[in-house]
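Below is one structure, written out as structure tokens, with a few remarks after it.
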Amino acid sequence: MNDPAPKDPDFEARVRESFARQGLMVTLGASLTHVAPGVVEIAMPASSAVSQQHGFVHAGALASIADSAAGYAALTLMPPSAGVLTAEFKINLMAPGVGERMIARGRVIKAGRTLTLAQTDVFAIHEGREKQIALLTATLMAIEGREGVSS
């Protein structure tokens, strides 16, 4: 995407405040590590709390941080009056989640007035090396004037 321009000068504070209200991210131990126009990064430590039966990080936990990274990347480019909801996403799991930490890097591919297309690359950090383990594509919807949906 070429030089995304935020419609809200306070986009970073708005994203950080919204993220802090997400109970699931707290439950997963996820944190917002980078916010820029059209780009958001979320980190999550690997632990038994987010594992599946073989000890890998559960696909549901990976999908959750990937979806949130895509959604918040989209929100960075939306007007201050808009909230964001995911309309759909698809995730490809390419390798098991093995490592000390998982990183979801979401970025806007195309920002429209109502619909935004975003992509999140998910990496496992193991012994200091990054390995891509998942790819999510998402369609996000800007919601304005709807009770209960704001940034």
Side-chain angles (χ1 to χ4, degrees), residues 1-2 4 6 8 10-78 82-112 114-143 146 148-151:
M1 187 169 122
N2 297 339
D8 178 2
D10 296 322
F11 72 90
E12 183 174 357
R14 184 165 60 125
V15 166
R16 289 188 182 282
E17 288 166 13
S18 178
F19 184 85
R21 294 192 306 268
Q22 280 204 5
L24 181 59
M25 293 299 111
V26 173
T27 299
L28 296 174
S31 58
L32 196 56
T33 54
H34 180 73
V35 179
V39 178
V40 164
E41 182 178 283
I42 296 172
M44 178 183 69
S47 71
S48 61
V50 296
S51 69
Q52 46 87 293
Q53 70 276 17
H54 302 295
F56 306 133
V57 173
H58 196 286
L62 296 173
S64 294
I65 64 170
D67 173 43
S68 286
Y72 282 120
L75 187 64
T76 66
L77 301 180
M78 292 180 183
V84 65
L85 289 176
T86 301
E88 67 82 32
F89 72 74
K90 178 189 186 310
I91 189 165
N92 291 80
L93 303 165
M94 303 182 303
V98 176
E100 300 77 42
R101 193 165 55 120
M102 306 294 126
I103 303 287
R105 293 188 181 117
R107 72 183 195 282
V108 170
I109 304 299
K110 180 170 184 347
T114 303
L115 297 179
T116 296
L117 301 177
Q119 178 175 311
T120 302
D121 297 302
V122 182
F123 299 88
I125 311 301
H126 184 60
E127 297 177 350
R129 291 191 312 265
E130 284 189 4
K131 177 179 181 179
Q132 187 167 9
I133 60 169
L135 171 69
L136 175 136
T137 55
T139 304
L140 299 308
M141 187 172 192
I143 305 292
R146 183 170 172 183
V149 180
S150 63
S151 62

Shortest non-hydrogen contact from G99 toward A46: O-CB, 3.1 Å
Taken to the nearest 0.5 Å, the spacing of T137 OG1 from F89 CZ works out to 10.0 Å
Are the side chain of T76 and the backbone N or O of A73 linked by a donor-acceptor pair below 3.5 Å? yes
Could you check whether any side-chain heavy atom of M78 comes within less than 4.5 Å of a side-chain heavy atom of D8, counting everything from C-beta outward? no
Contacts of Q52 that satisfy side chain to side chain donor-acceptor pair (under 3.5 Å) - sequence neighbours left out: none
Heavy-atom pair of closest approach, residues A59 and L93: CB-CD1, 3.6 Å
For L77 versus A111, what's the shortest heavy-atom pair and its separation? CD1-CB, 4.0 Å
What is the distance from atom NZ of K131 to atom CD1 of I125, rounded to the nearest 0.5 Å? 12.5 Å
Tell me the closest heavy-atom pair linking G106 and A69, and the distance in Å. N-CB, 3.8 Å
Please tell me if the side chains of F11 and L75 come closer than 4.5 Å, counting only heavy atoms from C-beta onward. no
Listing request: all salt bridge (charged side-chain N to carboxylate O under 4.0 Å, His left out) pairs with a residue in residues 36-50, at least two apart in sequence or in separate chains. E41-R105
Is the side chain of E12 donor-acceptor paired with the backbone N or O of A36 at a distance under 3.5 Å, no angle test? no
Quick check for you: to the nearest 0.5 Å, what is the distance between L117 atom CG and I109 atom CD1? 8.0 Å
Would you check if V40 and L32 make a side-chain contact, meaning some heavy-atom pair closer than 4.5 Å? yes
For A63 and I91, which heavy atoms make the closest approach, and how far apart are they? CA-CD1, 3.9 Å
Does L135 reach the side chain of V122, with side-chain heavy atoms less than 4.5 Å apart? no
Could you give the distance from CG (L140) to CD (E88), rounded to the nearest 0.5 Å? 9.0 Å
Between atom CE of M102 and atom NE2 of H126, what is the distance when rounded to the nearest 0.5 Å? 9.5 Å
May I ask you to test the Q132-M94 pair for a side-chain heavy-atom distance under 4.5 Å? yes
Reported OH-to-CE distance for the pair Y72 and M25, which is rounded to 0.5 angstrom: 8.0 Å
Under a 4.5 Å cut-off applied to non-hydrogen side-chain atoms, are P96 and I133 in contact? no
Heavy-atom nearest pair, R14 first then A82, reads NH1-O, 2.9 Å
Is there a side-chain contact between L115 and K110, using heavy atoms and a 4.5 Å cut-off? no
In the structure I gave you, are the side-chain heavy atoms of M44 and V57 within less than 4.5 Å of one another anywhere? yes
So, the side chain of S64 versus the backbone of G60: is there a donor-acceptor pair under 3.5 Å, distance only? yes
